[in-house]
Amino acid sequence: MELLNVALPKGRLGEKVYGLLKEAGYPCPSIEEENRKLIFENPEAGVRYFWVKPSDVAIYVERGAADIGVAGKDILLEYAPDVYELADLGLGKCRMCVAAKKDFRDSMDRTLRVATKFPHIAARYYSAQSREIDIIKLNGSIEIAPILGLSDVIVDIVETGKTLLENNLEPRETIVPISARLIANKVSYKFKHQQIAALCEKIEARRRQ
Ligand code: PRP
């Protein structure tokens, strides 16, 4: 049988996801070795894993380079890839928030300057409130923007809240809760349906234990 190609997000979340897949019956001993390889396969379990940048998982899956993968709901909301969302894995839980300096007072008659890595999520959120905003797209260290006066607020992921606290910022509004989702390529879902359905069932069974 053809191997199931699985794109995993490189990093802490990916390690947890691999842990879940391993327990669900899809181990891959070579991935557990200390090395810098990016592709690993275990023909006995029928899987080939590869590590990709978390924000790229959805691209691999959408274009069929991976049959399935795991991506944060933040990425799915931001890029709206044409994939199936199969399951909420309950891992990587955090929330998308608006945060500001503790002393920031908003005024509705000013355009709000919003720094973020997630321009679409921010635009949708404020447009639903008919609020005029100026989006400043950044690629990381978003917390610095309000401190240096580059923006009034940020729209970013908050997990423990530590990063905000240590930078004198506070969460003001929660936009949406976020967690890791299992996603599938639409064509693979049809042609490798049995393999994908079996994996989903085993993951669900493992999560219920
Ligand atoms: C996210 C986010 C915050 C931090 C929040 O960054 O952008 O900086 O985590 O976590 P906390 O509430 O537990 O402090 P991430 O680690 O994803 O790195 P990045 O900004 O470089 O993508």
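The structure displayed is predicted, hence computed values, not measured ones. In each ligand, atom 1 is the first atom listed, and ligand 1 is the first ligand listed.
One N or O on the side chain of Arg172 and one on the backbone of Lys101 form a donor-acceptor pair closer than 3.5 Å. Listed for the Asn185 side chain is a donor-acceptor partner under 3.5 Å among the backbone atoms of Glu62. A donor-acceptor pair under 3.5 Å links the side-chain atoms of Glu78 to the main chain of His120, judged by distance alone.
Atom CD of Glu85 has more than 12 heavy atoms from other residues, nucleotides or ligands within 6.0 Å. Heavy atoms from other residues, nucleotides or ligands lying under 6.0 Å from CZ of Phe104 number more than 12.
Judged by the shortest distance from any of its heavy atoms, Glu166 lies outside the 4.0 Å radius around the atoms of ligand 1. Put simply, no part of Ile142 is less than 4.0 Å from ligand 1, judged by heavy atoms.
For atom 3 (C) of ligand 1, the nearest non-hydrogen atom from the set Glu143, Glu159, Arg95 belongs to Glu143. Closest to atom 5 (C) of ligand 1 by heavy atom, among Ile157, Asn139, Leu165, is Ile157. The residue from Lys162, Lys117, Arg12 that puts a heavy atom closest to atom 17 (O) of ligand 1 is Lys117.
By the criterion of a heavy-atom distance under 4.0 Å, the side chain of Asp156, and not its backbone, is placed next to ligand 1.
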Steps toward salt bridge (Lys or Arg N to Asp or Glu O under 4.0 Å) verdict (Glu159, Arg12): CA-CA 13 Å; Glu159 190 181 351; Arg12 214 158 37 95; 3.7 Å; yes
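Side-chain contact between Lys10 and Asp56 is absent, with no heavy-atom pair separated by less than 4.5 Å.
Interface of Thr160 with ligand 1, defined as ligand atoms under 4.0 Å from a residue heavy atom, comprises 11 (P), 12 (O), 13 (O), 14 (O). Taking every non-hydrogen atom of Val158 and a distance limit under 4.0 Å, the qualifying atoms of ligand 1 come out as 12 (O).
Some N or O of Gly161 is nearer than 3.5 Å to an N or O of ligand 1, by distance alone.
At the shortest separation from atom 14 (O) of ligand 1 among protein heavy atoms lies Thr163 OG1, 2.4 Å.
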